[in-house]
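Data block below; observations after.
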Amino acid sequence: MTANTSVQALRHGFLSRGQRLLIGGEWVEALSGETIEVLDPATGGVLGTVAQGGAEDVGRAVDAARAAFASGPWADMPAAGRASLLNRLADLIEANADEIAIIESIDGGNPINSIRRLDVGLAIGNLRSIAGWSDKIWGDVPMVPASTPGMAYVVREPIGVVAAITPWNAPFLMAVHKIAPALAMGCTVVLKPAELAPFSAIRLGELALEAGFPAGVLNIVTGFGHVAGQALVDHPGVDKISFTGSTRVGRSILAGSAASMKRVTLELGGKSPIIVMADANIDLAAIGIADEIALKSGQYCAAGTRLFANAAIHDALVEGIVKRLRGKRLGAGLDDGCDVGPLISKAQLDRVTALVDEARGDGATVALGGCAAQRDGFFFEPTVLTDVTPAMRVYHEEVFGPVLSVTRFDADADLATIAALANDTDYGLAAKIWTKDLAATHQLARMIRAGSITINGGIHTAGRLPFGGFKQSGLGREGARDGMLAFTELKSVSLAF
Ligand code: NAP
Ligand code: MG
């Protein structure tokens, strides 16, 4: 089968089939029989449908997850067994990586090469890393004098039934990042993917069944956030919500979880600052900044989108960024040589357009782009706005489009002033620093209130370091050991001899 025929086979097969819910190991229709149309963001046309899960479907899925958690093969399985299932899933994803990348690229619109390398590649690597944690979480035993007639110990237990609610901007990677640590720790899961790009999560469910996860361990309910997502938040049988999405919905999930005191991890939005000092390697900084703005057409939570440039290098840096972005080709995810795909939806395109128009009206200078592309689908031109001030909405609000806001700072500004600019936001997900000055690097890293600080582009450790936000960018961390522990409860046991 050539690459072209496999794309056609997916378009006319998997994507157009009418996908169902995964509940208790079976693919079933929603009880209502209703479906949701899923659009191709590169054309605006209908790709296919998924089942529109409602509150009763969520109830069935939670029951299946509870049953699988409480007894049966999953409850009895040693940690090493869970690790081998997760590794088998990673192997299956690797064996089907091209197909998953095509599905993801068509559904979400992003360039297939970056999906294959970043989303699917990271999912496989991180899944294997997470599998390795399964049997490496230990409890504690406090020291007591030998003469003490008793002892105590602290154990970790799986938290129970986890609702994983994911966004559309990196649907496959987000789904893997949510389900893998929950499963590694022995929890069971109900996954609710975003309605705008649900297909790769469904393919993940198929592969999980093929890998041999017992029935009910992973359930998938597609549907609207305010219906299926809200039903998970309201369901007293859900022990934890692991959510990635907007701060607005995160806030409502946090409030809603209070009723049954659910545990909550929230990975929310960002408006991450980039600081470029006068001594930075301007060429490398320009490339790094431009490439990040182009990645997923700016629909990337940790993207650096608020650039603060030292006045001495401001113009040269902007010129370099503009030059790099000019070389990016817009196109549908599967188009040869395309670098920047469409935005996910018409609503997203309208929002990005409105924010940029407003900034222009308020006095920002458009150094590049500034408008929707003249073609079908939901494309927005890579855009650089300079002279952006705190009076503008684009300075504060997450745009989630390929839009960089640039503000200059005085050539002799001190570090406290620069850090204050970076911290002038309700968000605190990430910050990027470009400088060769070692002392300034570490002082700024300490002063900036954000969960991830990347210096001179950083190194590729995604998923292996704790990830999450300060302030309104979230609650808790995903990734690494902290991400595993977030799916456990602590239990203290003490006994007298
Ligand atoms: P969103 O609108 O908050 O939706 C995220 C998920 O929540 C979707 O599955 C959505 O369902 C569901 N949802 C909506 N209302 C709900 C409710 N009342 N109760 C429960 N679930 C509900 O976010 P998005 O637009 O998909 O994604 C973009 C946002 O995600 C951006 O703010 C971005 O920064 C953030 N994000 C953060 C990270 C991170 O790790 N920090 C990573 C990626 C993205 P439907 O879409 O199906 O309606
Ligand atoms: Mg779609």
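Values below: all heavy atoms of this structure, side chains included; hydrogens, waters and symmetry mates excluded. Note that the structure is predicted; figures quoted are calculated from it, not measured. Numbering starts at 1 and runs along the sequence shown.
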* Taking 4.0 angstrom as the limit, do K271 and D424 come out as a salt bridge? -> no
Tested for side-chain contact (heavy atoms from CB on, under 4.5 Å) against P198, the lone hit among L191, I36, V38 is V38
Between G269 and Y427 the two heavy atoms that sit nearest each other are O-CD2, 3.3 Å
Going by distance alone, is a donor N or O of one side chain under 3.5 Å from an acceptor N or O of the other, for D279 and T435?
yes
When L232, D57, V238 are each screened for side-chain contact (heavy atoms from CB on, under 4.5 Å) with V190, the one that passes is L232
Got a salt bridge between E398 and R351, using NZ or NE/NH1/NH2 to carboxylate O under 4.0 Å? no
* Asked: Taking D414 for the side chain and T417 for the main chain, is one N or O donor matched with an acceptor at less than 3.5 Å?
  -> yes
Query raised in the report: Does NZ or CZ of R17 fall inside the cone over F14's six-membered ring, less than 6.0 Å from its centre and within 45° of the axis?
Result: no
Does a donor on one side chain and an acceptor on the other come within less than 3.5 Å for T365 and D387? yes
In short, A197 meets P171 closest at the heavy-atom pair O-CB, 3.4 Å
Discussion item. Would you say T49 and E37 are linked by a side-chain donor-acceptor pair, where the criterion is simply a distance under 3.5 Å?
Written reply: no
Between the side chains of E267 and R477, is the shortest nitrogen-to-carboxylate-oxygen separation below 4.0 Å, so that they form an ion pair? no
Practice task
Check whether the side chains of H396 and D426 place a donor and an acceptor atom closer than 3.5 Å, and report yes or no.
Solution key: no
Would you say K240's side chain and A486's backbone share a donor-acceptor pair under 3.5 angstrom? yes
Closest non-hydrogen atoms of V221 and G53, given as atom of the first, atom of the second and distance, are CG1-CA, 4.0 Å
What one should report as the nearest heavy-atom pair of V162 and S242 is CG1-CB, 4.3 Å
| In terms of side-chain geometry, is the basic nitrogen of E478 or K178 positioned less than 4.0 Å from the acidic oxygen of its partner? | yes
Practice task
Could you tell me whether R128 and D91 make a salt bridge, using a distance below 4.0 angstrom between a side-chain N and a carboxylate O?
Solution key: yes
ask   = Is Q299 reaching over with its side chain to a backbone N or O of V399, donor-acceptor style, under 3.5 angstrom?
value = no
When every non-hydrogen atom of G428 is compared with those of S473, the smallest separation belongs to N-OG, 2.9 Å
>> Run the salt bridge (Lys or Arg N to Asp or Glu O under 4.0 Å) test on D40 and R11 for me, step by step, so that the C-alpha distance in whole Å, both residues' side-chain angles and the decisive distance to 0.1 Å come before the verdict.
In response: CA-CA 11 Å; D40 179 342; R11 276 194 185 277; 3.5 Å; yes
Exercise for the section: Check for a donor-acceptor pair, side chain of K192 on one end and backbone N or O of A228 on the other, with a separation under 3.5 Å. Expected result: no
| said: Regarding D336 and R329, does a basic nitrogen lie under 4.0 Å from an acidic carboxylate oxygen? | reply: no
query = Would you say T407's side chain and V388's backbone share a donor-acceptor pair under 3.5 angstrom?
reply = yes
- request: Apply salt bridge (Lys or Arg N to Asp or Glu O under 4.0 Å) to D291 and K328, showing your working.
  value: CA-CA 9 Å; D291 287 359; K328 305 271 181 206; 2.6 Å; yes
*Cationic N near anionic O, under 4.0 Å, E99 to R203*: yes
Under 4.5 Å between any side-chain heavy atoms of F379 and L343, yes or no? no
